[in-house]
Amino acid sequence: MSIHIPILIIISPLLAAFLVLLSRKYKIILATASIITSIVFVSTLSSRILSGDKVIYHLGGWRGPLGISLVVDGLSFFFSLIVLGLGLLVIIYSIPERRYGRTYYFLLLVSLSSMIGVIYTTDIFNMYIFYELLSLAVYLLIAYPKTGVTLRASFNYLIMGGVGLSFFLLGVGFLYAMTGTLDMFHIAGRLSAAFDSSMQMVIMSFALIATGMGIKIAVFPLHGWLPDAHSMAPSPVSALLSGITVKIGIYCLIRVIYTVFSAEIFLLINSHNILMVLGVVSLLFGASMALVQKDLKRLLAYSTINQLGIVLIGLGIGTELGLTGALFHVLNHAIMKSALFFCAGIMITETGTREVKGLSGFGRQQPAITFAFIVASLGMIGIPPINGFASKWLICLAAVEAGYTFLVVIILTASAIAAAYYFRVIQVLFGGSLKQGPMPAHEGEQVINRGNLFRSWPIYILAAGCLLLGLLPTLGISLVKPAVSLLLFHVVP
Amino acid sequence: MGSSKIIKTIAQKLFPFIVLFGFYLISHGHLSPGGGFQGGVVLGTAIILLALSHSIEQTEKKFRSRWLNMLEKLGILTLIFLGFLGILLGYSFLSNFLPLGKPGQIASGGLMLLFNIAIGIKVAAGVSVIFYALVRYRGEI
């Protein structure tokens with residue numbers, strides 16, 4: 001049974017998704033149990049992966065270049081841990097909301113299972129299929145409340161995401177035309193020969209794939225869908241989108257750049273400079289747009305563009321330190337941003353308003369939640385004992401080492417702007433007394449009592465994670481280490 | 001509804017042949033053009049034809065959307081179960097465990113036939129459920 005673990009991790013949420021549709025009562029138990037099963041399966045692999053081994057599974061017994069294989073190596077293990085851990089917390093956070101019926105849990109489980117599919121598969125077309133499945137589930141999750149604004153945000157994302165994935169598919173088509181296989185490891189082997197004969201096509205396919213993924217991870221000129229989609233979605237879905245879904249785009253970019261196009265071609269066509277420029281632009285743009293937002297969740301959404309800029313800068317630097325910083329920042333941002341969106345969800349239901357101004361006095365009423373919010377936002381700014389500092393520090397060190405001193409100045413400027421907008425929110429939280437907004441009619445006394453337990457624990461866990469990774473950054477770095485050595489040296493440490 | 005007697009009669013007479021053709025496409029998917037999805041869509045259109053020519057209420061009495069919903073989920077669950085059978089019998093996920101017959105015969109594709117049937121059921125039910133939902137949107141799918 002143990003050799004089948006990679007497929008079982010994908011199938012367990014998928015099976016539960018369809019069972020959820022059939023059962024009326026046990027939807028939450030089924031959803032939680034399936035994700036926990038997957039986490040258990042992943043953790044049985046952990047010792048092998050962290051010691052630098054990798055697990056390969058051939059679906060149906062067909063090996064590449066014809067068949068589809070699943071691979072769990074340092075990189076995919078790291079990302080699947082983020083997806084499963086945060087996915088479990090998202091499900092727990094949505095338990096008290098009675099409005100979320102079977103369809104909601106179905107879509108959540110389908111999106112989680114297809115995310116793990118994207119992460120584990122080695123077949124680049126299969127990656128496209130899983131990504132499209134994930135996107136379809138996410139479009140529906142954004143539109144789940146069925147109000148006008150969410151439908152518009154979802155439709156906007158549907159168009160942009162569809163265009164982005166079409167670019168990706170076109171790039172995959174070019175790769176297939178050149179190499180005659182879809183298995184990423186085999187493409188990598190055959191691509192250097194193709195690069196000598198038809199360089200234009202290699203560059204074209206890289207440009208198409210990078211553009212497609214650029215839309216999905218919302219780098220500056222392609223970010224149009226993100227603020228609407230991330231801020232209008234229900235709060236647990238916002239956490240899912242900002243914390244996990246965007247990271248899948250980053251995973252695809254890293255996987256395609258380093259596995260398919262191998263680092264040499266990547267450097268040869270100067271694409272690391274492009275990544276760095278895009279990172280700087282979206283860093284500054286996200287920070288300055290977040291500064292002027294009045295809506296709390298919109299502010300957090302623009303802050304996502306800001307933080308993803310830092311990740312792109314780390315990837316663009318491309319040294320060992322830079323990649324470590326970038327991947328560590330992916331983990332940190334996932335934890336911090338989900339904590340912030342969970343807190344924002346509670347703040348919005350308690351105060352009945354989405355405006356930052358309307359939150360005044362919330363800090364006195366709910367000190368614990370506010371403390372978690374402050375911890376996570378200090379991490380976003382990058383203040384020492386919290387985890388965001390560690391990864392930003394690594395990226396700054398890498399920038400200095402590689403001779404890009406101006407990047408440090410830009411990152412520090414953006415951090416200062418981030419401090420400006422997060423401190424504005426924190427200041428309002430401790431401002432005058434709370435004006436009790438109109439409670440939504442469907443939430444009775446009992447629901448809120450039951451809700452606080454399930455809603456606050458995920459936040460406490462995430463805030464504790466922020467502090468833990470900030471005080472002991474070596475924990476996070478040891479998770480990232482196998483991935484980085486795999487990317488740079490194709491060997492195990 | 002306002003369909004004439006000619007349309008109603010012809011739709012009724014055509015119905016079994018469309019269903020037969022759908023089943024043919026599903027069962028010969030591994031031998032000739034066609035397959036689970038295509039055959040499933042043909043089966044779905046048979047139900048849609050009935051709904052269009054007769055009234056949708058009458059069609060829903062014969063093909064209830066509750067059952068179709070259930071069938072759709074059963075289709076996908078069968079597919080996953082067949083995949084699991086591969087693991088349970090000692091091969092890998094989705095691998096073939098049935099004996100391979102002589103090429104060209106209907107039982108020559110191993111598991112492919114069963115996969116096609118499961119997908120065909122799912123698609124047929126799915127297409128008709130989507131049609132019901134589009135025609136009479138009730139807010140709960």
Side-chain angles (χ1 to χ4, degrees), chain A residues 1-24 27 30 34 37 41 55-63 66-70 99-107 109-110 113-114 117 120-121 123 126 133 136 140 143-147 151, chain B residues 29-30 35-37 40 64-100 109-116 118-119 121-126 128-130 132-134 137-141:
Chain A
M1 200 71 179
S2 65
I3 54 161
H4 300 295
I5 282 177
I7 187 69
L8 292 179
I9 297 169
I10 300 177
I11 285 298
S12 139
L14 190 68
L15 188 65
F18 290 99
L19 290 178
V20 158
L21 280 182
L22 285 175
S23 75
R24 215 169 266 281
K27 55 177 193 268
L30 267 172
S34 71
T37 315
F41 279 136
V55 181
I56 298 179
Y57 184 74
H58 303 289
L59 278 177
W62 292 86
R63 289 165 184 279
L66 277 180
I68 295 173
S69 312
L70 304 175
R99 271 181 307 167
Y100 299 156
R102 283 181 283 179
T103 329
Y104 176 85
Y105 289 97
F106 166 72
L107 292 170
L109 287 172
V110 165
S113 120
S114 48
Y120 282 175
T121 182
D123 186 286
N126 201 17
L133 185 62
L136 285 174
L140 290 176
Y144 193 78
K146 287 181 195 150
T147 57
L151 285 176
Chain B
H30 53 296
F37 184 86
R64 290 183 193 283
S65 60
R66 250 183 78 89
W67 297 353
L68 290 174
N69 255 322
M70 202 69 93
L71 266 183
E72 195 210 342
K73 281 145 214 163
L74 280 183
I76 187 74
L77 286 175
T78 318
L79 191 65
I80 296 177
F81 174 71
L82 285 173
F84 267 119
L85 264 185
I87 292 183
L88 293 180
L89 294 177
Y91 306 88
S92 68
F93 189 76
L94 284 179
S95 65
N96 183 37
F97 50 81
L98 292 177
L100 299 169
L111 260 187
M112 250 6 255
L113 181 63
L114 297 181
F115 284 158
N116 274 337
I119 293 174
I121 290 172
K122 176 170 173 57
V123 173
S128 31
V129 165
I130 291 172
Y132 284 158
L134 286 177
Y137 178 65
R138 296 205 201 99
E140 170 73 33
I141 302 166

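Labels below follow one simple rule: chain letters A, B, ... track the order of the sequence lines, proteins then strands, and each chain is numbered from 1. Here the structure is a predicted model, which means the values were calculated and not measured.
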Interatomic distance, [X] atom [atom1] to [Y] atom [atom2] [nearest 0.5 angstrom]:
X	Y	atom1	atom2	result
Thr78(B)	Phe18(A)	OG1	CZ	11.5 Å
Ser92(B)	Ile7(A)	OG	CD1	9.0 Å
Leu22(A)	Lys73(B)	CG	NZ	6.0 Å
Phe93(B)	Leu70(A)	CZ	CG	9.5 Å

Region of Ile11(A) that comes under 4.5 Å of a non-hydrogen atom in chain B: side chain
Considering only heavy atoms, which portion of Leu59(A) lies under 4.5 Å from any heavy atom of chain B: side chain, backbone, both, or neither?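 Both backbone and side chain.
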Can you confirm whether more than 12 heavy atoms, excluding those of Phe81(B), are under 6.0 Å from its CZ atom? no
Apply side chain to side chain contact (heavy atoms under 4.5 Å, CB included) to residues Leu19(A) and Leu77(B) and explain how you reach the verdict. CA-CA 8 Å; Leu19(A) 290 178; Leu77(B) 286 175; 4.0 Å; yes
Who passes ring-ring contact (aromatic ring centres under 6.0 Å, His included) against Tyr57(A), sequence neighbours left out?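 Only His4(A) meet the ring-ring contact (aromatic ring centres under 6.0 Å, His included) criterion with Tyr57(A).
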Anything under 3.5 Å between a donor and an acceptor, one on a side chain of residues 83-91 of chain B, the other on a protein residue two or more places apart or in another chain? List them.
none

